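Beneath this line is the structure, given in structure tokens, with notes to follow.
Since the model is a prediction, treat every value here as computed from it, not as a measurement. Below, chains carry the letters A, B, ... as their sequence lines are ordered, and counting in each starts from 1.
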There are 2 protein chains.
Amino acid sequence: MATIYDVAKRANVSAMTVSRVINNGSSIKESTRLRVEKAIKELDYIPNRSAQSLISKDTKLLSLLITDVANPFFTSIARGAEDKAHEKGYQLVFSNSDENIEKETSYIRSAVSRGIDGMLLTPSGDFSIQNINILTKYKIPFVLVDRSLKGIESDIVHGDNSDGTKKLMDHLFENGHRTIGFVTGPSSISNVRERGDAYKQFIKDNKLPFNEKWTFQTDLARMQTLSYINLLLEASKEDRPTAILCSNNFLAADLVNNMNKMGLHVPDDISVVCFDDPHAIQMPNSFFTVVNQPAYKFGYTGMEMLIDRIEGKSGKEHKEIVYDTELIIRQSTKKIN
Amino acid sequence: MATIYDVAKRANVSAMTVSRVINNGSSIKESTRLRVEKAIKELDYIPNRSAQSLISKDTKLLSLLITDVANPFFTSIARGAEDKAHEKGYQLVFSNSDENIEKETSYIRSAVSRGIDGMLLTPSGDFSIQNINILTKYKIPFVLVDRSLKGIESDIVHGDNSDGTKKLMDHLFENGHRTIGFVTGPSSISNVRERGDAYKQFIKDNKLPFNEKWTFQTDLARMQTLSYINLLLEASKEDRPTAILCSNNFLAADLVNNMNKMGLHVPDDISVVCFDDPHAIQMPNSFFTVVNQPAYKFGYTGMEMLIDRIEGKSGKEHKEIVYDTELIIRQSTKKIN
DNA sequence: AGACAAATTGTTACCGGTAACATAGAATAG
DNA sequence: CTATTCTATGTTACCGGTAACAATTTGTCT
């Protein structure tokens with residue numbers, strides 16, 4: 001690997017002059033510049049970023065910490081984030097926390113160690129605050145995506161969870177559903193809470209029957225929807241909810257896959273709706289009725305906010321961007337009498 | 001940001017001793033180790049990887065260069081690659097080349113500049129060889145995924161394209177299809193060639209009618225399937241293929257989406273099959289009949305090969321891993337008389 | 001106790017860049 | 001024609017670690 005000294009020697013100048021040529025520093029004689037550029041080309045010289053970072057304190061490296069790229073929602077975030085990062089000359093390290101706080105901690109520590117310039121992240125839950133504190137301690141700018149953190153002031157991009165939930169509930173209500181179940185994640189996640197609150201609010205506002213039993217809270221990493229399904233199967237048909245709201249696409253896919261296995265049919269036996277499309281691209285014959293969030297924009301805009309902050313282009317106060325959701329009616333819901 | 005010298009001063013030892021404690025170097029007195037560890041904790045010291053890399057010549061950073069994370073096939077590769085990388089203590093920079101050679105070049109150059117230890121990549125096409133040469137020049141280990149490169153010897157993971165194509169064609173043939181169209185990408189991509197060859201071979205072997213007209217080659221980035229559909233619509237029903245083989249999931253989704261818009265129905269008017277699922281997770285009511293490749297394994301195993309090579313655990317000869325494909329029959333195909 | 005080996009810790013130099021300051025030669029001014 | 005200011009380039013030191021070697025302390029053995 002050629003170093004700046006190799007180039008310097010070959011061009012018969014000092015390393016400093018080479019450095020100036022590379023960073024189009026001031027006052028280089030044309031003939032010198034040409035000689036240096038020739039040497040650079042001949043040696044295929046590429047500057048060593050570690051050495052540069054050691055001085056400049058920046059790395060042009062950003063970190064994207066999401067729970068799982070395989071989830072199309074996060075895939076789109078990742079794609080959006082990478083697009084903006086690339087646009088601005090940054091590169092992106094990505095990590096999957098799998099909703100696991102230890103994994104999150106370890107990723108954040110290595111990101112800091114690597115000297116990343118900033119981080120775009122979806123915290124696994126409120127306990128992630130301890131991890132955020134590492135970032136704060138090291139003065140590393142960060143932007144939250146999709147989930148806020150109790151008591152943490154920061155730039156953030158997310159969707160309108162209350163309104164999204166309401167859209168889903170409205171749709172079910174308009175289709176005759178009155179007993180609506182709720183399958184969701186751990187309440188340490190802000191959007192789970194917000195969606196849960198909106199769900200309860202809707203039930204209250206519309207004086208729907210409420211039975212704690214039909215609310216099922218599960219781990220987002222290994223969703224145990226089967227036990228919920230067993231509960232459904234044990235209940236008499238009249239007691240059963242006629243529709244279920246899932247707070248998350250993966251949960252919904254898992255739920256319906258398992259329902260099929262157990263002989264419960266969607267939407268004939270029960271309607272199912274959820275947040276976020278379970279597929280990244282537009283598909284013919286899509287199944288789920290969803291409230292979709294502009295995940296790509298989450299990533300793209302979040303990254304933009306992050307870079308603005310890194311480059312000192314944002315004010316002291318923190319920005320919050322809330323995107324509208326869009327109801328897409330498909331095959332997983334059905335009108336009932 | 002605390003440095004090793006800050007820790008050293010606080011613990012009343014030399015920087016070297018701190019370094020030894022961190023890397024559990026030999027012979028440190030227990031009392032010293034404790035004192036140093038205390039100082040590390042108190043200062044929240046995290047070693048600076050740029051400084052370490054400058055000496056060690058490694059960065060524990062790997063690069064994953066794929067064409068598009070948003071494509072579920074690549075999403076799964078990314079997830080598999082990240083899992084293995086994390087297991088082995090590496091972090092992953094990811095980039096989307098979008099089948100664009102210039103983008104690929106620029107990504108590779110910055111990866112080299114960054115001092116990545118190795119690269120896992122899906123080259124955009126045979127012209128990517130010039131980019132591979134940069135890696136070779138800098139002696140950076142790499143592993144190819146999904147696509148090989150004419151005349152380049154390297155570690156590689158991919159699926160069995162010929163057999164996969166044959167499975168798809170067999171399925172169509174068994175369902176009565178005789179005139180089968182082919183929608184594919186540019187022939188500079190190895191798997192496109194292999195699938196195309198297998199397609200032609202099948203037609204020859206089974207003495208099926210062949211009409212060049214029903215083979216459509218398009219850019220994988222902006223797929224212009226509409227013009228193909230217009231061709232179909234112009235032809236009389238008898239001349240039209242009764243089934244189409246797409247060499248790629250995105251192409252198939254785009255094709256069918258556009259067909260729906262134009263009033264051609266799948267599978268009633270025409271059957272469609274393709275390589276790779278257009279969704280990353282198992283979905284109820286999936287639409288496409290596909291030949292699936294174990295994309296996650298592509299990423300996971302590819303990364304394993306890469307790390308083995310980096311760490312000098314692989315022999316001189318290059319390894320090629322070929323995975324079997326799996327035919328999954330769903331709704332996009334139909335038996336005809 | 002003295003000699004030597006082992007254990008523990010320190011010193012120096014260097015990795016590959018660049019900031020800050022220094023210097024030589026050319027251009028401009030008086 | 002000398003003083004002064006640019007212009008172009010070089011020198012030195014340092015970023016934060018660690019390898020290699022040096023020095024000191026402690027332990028072991030006869």
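The side chain of B:Met16 lies closest to C:dT11, out of C:dA20, C:dT11, C:dG16. Each of C:dA20, C:dT9, C:dG16 was ranked by its minimum atom distance to the side chain of A:Arg20; first place goes to C:dA20. In the set D:dG17, C:dT18, D:dT18, the nucleotide with an atom closest to the side chain of A:Ala15 is C:dT18. Here D:dT18 is the nucleotide among D:dT18, C:dG17, C:dT11 with the atom lying nearest to any side-chain atom of B:Ile4. For B:Thr3, the listed nucleotide lying nearest its side chain is D:dG17; candidates were C:dT18, D:dG17, D:dC15. Among C:dG17, D:dT18, C:dG16, the nucleotide with an atom closest to any side-chain atom of B:Gln52 is D:dT18. Nearest nucleotide to the side chain of A:Ile55, out of D:dG16, D:dT9, C:dG17: C:dG17.
A salt bridge is absent between A:Asp6 and A:Arg10: the closest approach of a Lys/Arg side-chain nitrogen to an acidic carboxylate oxygen does not fall below 4.0 angstrom. A salt bridge links A:Arg79 with B:Asp98; the closest basic N to acidic carboxylate O contact falls under 4.0 Å. A salt bridge is absent between A:Glu37 and A:Lys41; no separation between the charged side-chain nitrogens and carboxylate oxygens falls under 4.0 Å.
The aromatic rings of A:Phe73 and A:Phe298 stand perpendicular to each other, their planes meeting at an angle above 60°, with 30° marking the opposite boundary.
The interatomic distance linking A:Asp58 (CG) with D:dC15 (P) rounds to 17 Å, in whole Å. Per the geometry, CG belonging to A:Leu34 stands 14 Å off P belonging to D:dA8, to the nearest Å. Atom-to-atom, CG of A:Leu54 to P of C:dT18 comes out at 12 Å; the value is rounded to the nearest Å. Atom-to-atom, NZ of A:Lys57 to P of C:dT18 comes out at 14 Å; the value is rounded to the nearest Å. Rounded to whole angstrom, the span from the OH atom of A:Tyr5 across to the P atom of D:dT12 amounts to 12 Å. Atom CG of B:Asp6 and atom P of D:dC15 are 11 Å apart (whole Å). Rounded to a whole Å, the CG atom of A:Asn48 is 13 Å from the C1' atom of D:dC15.
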If you restrict it to nitrogen or oxygen atoms, what contacts under 3.5 Å exist between nucleotides 5-8 of chain C and the protein, and what is each distance?
none

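For NZ of A:Lys313, the number of neighbouring non-hydrogen atoms (other residues, nucleotides, ligands) closer than 6.0 Å is greater than 12. Remark: A:Lys139 NZ is loosely packed, at most 12 non-hydrogen atoms of other residues, nucleotides or ligands lying under 6.0 Å away.
Residue A:Asn23 places at least one side-chain N or O under 4.0 Å from the OP1 or OP2 atom of C:dT18. Checking the phosphate oxygens (OP1, OP2) of D:dG17, a side-chain nitrogen or oxygen of B:Tyr45 falls inside 4.0 Å. Listed pair B:Thr17 / C:dT9 fails the phosphate criterion, with no side-chain N or O lying under 4.0 Å from OP1 or OP2.
A donor-acceptor contact under 3.5 angstrom links the side chains of A:Glu320 and A:His158, judged on distance only.
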